[in-house]
Amino acid sequence: MGYSVGQVSSLAGVTVRTLHHYDKAGLLSPSGRSHAGYRLYDDADLARLQQILFYRELGFSLDEIAAILKDPQATALDHLHARQRQLREEIARLQRLAEAAERAIEVQQTGVSLTPEERFEVFGEITFDLSYATHAQLKLGHSDAHQEAMRRASAHTKEDWRRLMGKAAAWRTELLAAFDDGEPADGERAMDLAEEHRRHLARWFTPCPPDMHRRIADEFAADPRAFALVVPPSQQRPGLADYLCEAVQANASSCADPRTASRTDSRTDSQEGREDR
């Protein structure tokens, strides 16, 4: 009893053409013939075929497989160790490619239509943490405000980005000065800066009512990646993120209090004047 080429093809999941190729290469020749002259494989042939397919799955060439099967005790382990190293290197390479693709996807999700060179020129130390951009996209992507922010960001020109980043840098200098001077977070100076930040977001990205500004500030205090979009790590101080969050909270409360409405309006007028200059 033996197995025909068709039967082996079906059992092993390989084509008849492949079996003929293995036979021609001297890698796997049928051990017998039927009375009609057809090739027949026995159990030992099937066992050899299993070994061939195993090594093929690992990526070995037919010549390498032939060498292993010729003297498996002497060469199989060395070949397997070598292939293991190759596979690990390939896995590492593919991982790098996957990470590069992921970064490319994340860059698209930031909505910033600039080349890498332009990004460095315009943003400097303020860089989009791409993992945070993706986090924000997944968390807020369904919201109208986030979609509006992404739409407006993608429409900004290089000069738009240069201008808004310049204004952000000037604001940041004032924030650091207020913090270093020991100004209270609920004092007028810090609250003015919080209001200026809120209006900056509204002007360049999306309408930002006080309640939304509160939520944004909470992210600054809770996630260093979010705060790094406002103050680069090289300029941060211990407690600065909490300070800004407290200032935003105080300003939002002030905006909601009718007793302070006139003072808030005057601060807004002053900030609009600075923005127009």
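Values below: all heavy atoms of this structure, side chains included; hydrogens, waters and symmetry mates excluded. The shown structure was predicted, so the numbers you read here are calculated from the model rather than taken from an experiment.
Proximity of a side-chain donor or acceptor of Y22 to a complementary backbone N or O of L62 within less than 3.5 Å is not detected. Counting only distance, with no hydrogens or angles, the side chain of D242 and the backbone of G239 share no donor-acceptor pair below 3.5 Å. Looking only at distances, a side-chain donor or acceptor of D223 sits under 3.5 Å from a matching main-chain atom of R225. Between the side chain of R83 and the backbone N or O of L58, at least one donor-acceptor pair lies under 3.5 Å. Side-chain atoms of S31 never come within 3.5 Å of backbone atoms of Y41 as a donor-acceptor pair (strictly under, hydrogens ignored). R198 contributes no side-chain N or O that, together with a main-chain N or O of P210, makes up a donor-acceptor pair within less than 3.5 Å.
When the side chains of ILVMFWY residues are joined at heavy-atom separations under 4.5 Å, either directly or via intervening members, F54 and L46 end up in a single hydrophobic cluster. Under the 4.5 Å side-chain heavy-atom criterion for Ile, Leu, Val, Met, Phe, Trp and Tyr, L49 and L11 are members of the same hydrophobic cluster. Under the 4.5 Å side-chain contact rule for hydrophobic residues, L80 and L87 share a cluster.
Nearest approach of R189 to E174, heavy atoms of both residues: NH2-O, 4.4 Å. Residues Q7 and G2 share a closest heavy-atom pair of OE1-O, 3.9 Å. The shortest non-hydrogen separation linking S29 to D45 is O-OD1, 3.8 Å. A pairwise comparison of heavy atoms in A247 and M191 identifies O-CG, 4.2 Å as the closest pair. In terms of heavy-atom proximity, C208 sits nearest to I216 at SG-CD1, 4.0 Å. When all heavy atoms of A185 and A250 are compared, the closest pair comes out as O-CB, 4.3 Å.
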Steps toward side-chain contact (heavy atoms from CB on, under 4.5 Å) verdict (R237, D180): CA-CA 9 Å; R237 319 278 202 270; D180 292 341; 2.8 Å; yes

Residues Q249, D186; criterion side chain to side chain donor-acceptor pair (under 3.5 Å); working and verdict: CA-CA 8 Å; Q249 299 292 345; D186 58 354; over 6 Å; no

Side chain to side chain donor-acceptor pair (under 3.5 Å) between R48 and Q51, intermediate numbers included: CA-CA 5 Å; R48 185 179 177 89; Q51 289 181 292; 5.7 Å; no

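With N251 as the partner, the side chain to side chain donor-acceptor pair (under 3.5 Å) test is satisfied by one option alone out of E195, R214, E188: E195.
Note: I52 CD1 to L28 CG = 4.5 Å, rounded to the nearest 0.5 Å. The structure places OG of S61 at 7.5 Å from CZ of R56, a figure rounded to the nearest 0.5 Å. If you take NE2 on H213 and CG on L201, they are separated by 5.5 Å, rounding to the nearest 0.5 Å. From M212, atom CE reaches atom OG1 of T206 across 5.0 Å, with rounding to the nearest 0.5 Å. Atoms CD and NZ, on E196 and K167 in that order, are 8.5 Å from each other to the nearest 0.5 Å. Separating the CZ atom in F179 from the CD atom in Q236 is a distance of 10.5 Å, to the nearest 0.5 Å.
Between W161 and F205, the ring-plane angle classifies as tilted under the 30° and 60° cut-offs. The aromatic rings of W171 and H197 sit tilted relative to each other, their planes meeting at an angle between 30° and 60°.
Inter-residue side-chain proximity for V230 and R172 is flagged as unmet; no heavy-atom pair is nearer than 4.5 Å. Taking the side chain as every heavy atom from C-beta outward, Y243 and E183 approach each other to under 4.5 Å. Side-chain contact between F220 and V248 is absent, with no heavy-atom pair separated by less than 4.5 Å.
In this structure, R93 pairs ionically with E90, as a charged nitrogen and a carboxylate oxygen lie closer than 4.0 Å. R163 and D160 are not joined by a salt bridge, as no carboxylate oxygen comes within less than 4.0 angstrom of a charged side-chain nitrogen.
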